[in-house]
Amino acid sequence: MKPLAPISSSARVVLGISFFILFVAAWSYATFGGFVSKTFLANPLTMLRDGWWLLTTQGFLFDIGMTIWRVIGGFVLAALLAVPIGILMGAYKPIEAFLEPFVSFARYLPASAFIPLLILWAGIGELQKLLVIFIGSVFQLILMVAVTVGSVRRDLVEASLTLGARDAGVLKRVLIPSAAPGIAEILRLVLGWAWTYVIVAELIGSSSGIGHMIIDSQALLATGQIIFGIIVIGIIGLISDYAFKAANRAMFPWSLI
Amino acid sequence: MSKLVIENVSRIFPAVGGGTPTRALEPTNLCVADNDFVTILGPSGCGKSTLLRMVAGLDRPTTGRILLDGRAITGPGADRGMVFQSYTLFPWLTVSENISFGLRERGISPRERNAIAGEWLDKVGLTSFANHFPKQLSGGMQQRTAIARALANSPEILLLDEPFGALDNQTRALMQELLLGIWERERKTVIFVTHDIEEAVFLASRVVVMSARPGRIKADVAVDLPHPRHYTIKTSPEFSALKARLTEEIRVEAVLAAEVH
Ligand SMILES: Nc1ncnc2c1ncn2[C@@H]1O[C@H](COP(=O)(O)OP(=O)(O)O)[C@@H](O)[C@H]1O
Ligand SMILES: [Mg+2]
């Protein structure tokens, strides 16, 4: 193997899939071979059977839908607030000086630690779930967007100034378009983190969602169902990641040349 | 009649981390006539970029002032177009959109913008690349676009900071002819910074030689070669004589600069 040498796209797919196969093979070996007790780890077949049962008789599709809606709802709220604030922070140093210390502090507050408080404030309804995801994402988004906008090439800004751009023009037609692919990439990354918060939110005081199913299954020692739930989360994450990447490629063709 | 007046302009960069302040430019006086093509020639580090950036309004003089058409320069503006040494096309805009960037900032209608961009694409020979993105162009094409972008905005004065410095020799020679051809037709006021003697003589009607750091003007040489100039002029005796004279002037400075750095 040569460092950094590219590989063909078919080789990429084959290699990517073969790791999944290897993973399932190791799992099968450990479980079917009797190296791990059934109580602790279900085998792949049990997992699939439990999953089918969940989907067909337990209305698990509804749970999946609920979880997706919560992630997207909380994340969209966070993005709607964070992206404009982050852009302003990156562009205007006084705003950055005003907000940056607080946001940096708030960023380290674990969203999960807010769950008891949020239950007190907002009950155990949907609002509480959305708020957990919101709190978990919004500060990260603000900081990362601010850094991206603040590090736009200085010489491009200078070029626009010598072409007659004023403050608003520099912001709208240089800083924002230049930072846009970076911001889209940040959204993709933080959406991944939002998935962790939603499951934690659903583990506590919830009557629906993938996290709720997982905590119920724990009481029944149904490891097959738990693993099925985890795998469903992974698959949804993978799909949304690919969708995001494809959307970014379509929106910002210039950034890939 | 002077288009641009540089009066007593100096620039001292404040010290960083307990060092000594950098005297980038000693108090400098320079007048540039309307429609003139002036090249500023000097070894690297002598304050050429600093001077040009102050004319563009991207940097402020420590002392002195700069007047364009009698008005003091206080910041950057569309009346002073600039072409940088680094590639500064906007990567998210096509070549054509890059050229009309300044027109758009001035609120000119899309139809008129397109017409003007079309003209400039033609003048710099990039019509068939109108819808390419900058990263799809060679270095020479990018700088041609940058020149078109600055001129499409019809500035009072065009400032160029070693625009061909990163290009290979053949491309550079072609770019010099292209720029000179445009100037011979449009007769804009131009200040062109370079460390290349041949380039300075070929383009200019006047070469201003700067000394090594701290920079100041040490010679001001008129170039009376006729226009339109053809590249063959580079082998004429007059050209060689000018080149020899400037080589002598700059050699002393280059030796000094080498000792400083
Ligand atoms: N922003 C700055 N801060 C501190 N020193 C600078 C800055 N810009 C330029 N200088 C210094 O000023 C001197 C002149 O630089 P410059 O004008 O870029 O020279 P040239 O363009 O002739 O090569 C150099 O010694 C450089 O290190
Ligand atoms: Mg320079």
Evaluate whether atom CZ of B:Phe13 has more than 12 neighbouring non-hydrogen atoms of other residues, nucleotides or ligands under 6.0 angstrom away.
yes
Apply side-chain contact (heavy atoms from CB on, under 4.5 Å) to residues B:Phe101 and A:Val174 and explain how you reach the verdict.
CA-CA 10 Å; B:Phe101 184 92; A:Val174 181; 3.9 Å; yes
Can you say whether A:Arg166 sits under 4.5 Å from chain B via the side chain, the backbone, both, or neither, judging by heavy atoms?
backbone
Answer with side chain, backbone, both or neither: which region of A:Ser255 has an atom nearer than 4.5 Å to a non-hydrogen atom of chain B?
backbone
Check each atom of B:Arg106 against the heavy atoms of chain A and say whether the ones under 4.5 Å are side chain, backbone, both or neither.
neither
Looking only at heavy atoms, what is the nearest atom pair of B:Pro91 and A:Trp254, with distance?
O-CB, 3.4 Å
B:Arg185, CZ atom: more than 12 neighbouring heavy atoms under 6.0 Å:
yes
Could you grab the distance from atom CG of A:Leu163 to atom CE of B:Met82, nearest 0.5 Å is fine?
11.0 Å
Between A:Ala180, A:Pro253, A:Ala165, who has the most heavy-atom pairs with chain B when the cutoff is under 4.5 Å?
A:Ala165
For A:Lys172, look at atom NZ and say whether over 12 heavy atoms of other residues, nucleotides or ligands are found less than 6.0 Å away.
no
Going from CZ on A:Arg153 to CZ on B:Phe90, what distance comes out if it is rounded to the nearest 0.5 angstrom?
9.5 Å
Which distance, rounded to the nearest 0.5 Å, do you find between the OG1 of A:Thr162 and the CZ of B:Arg149?
6.5 Å
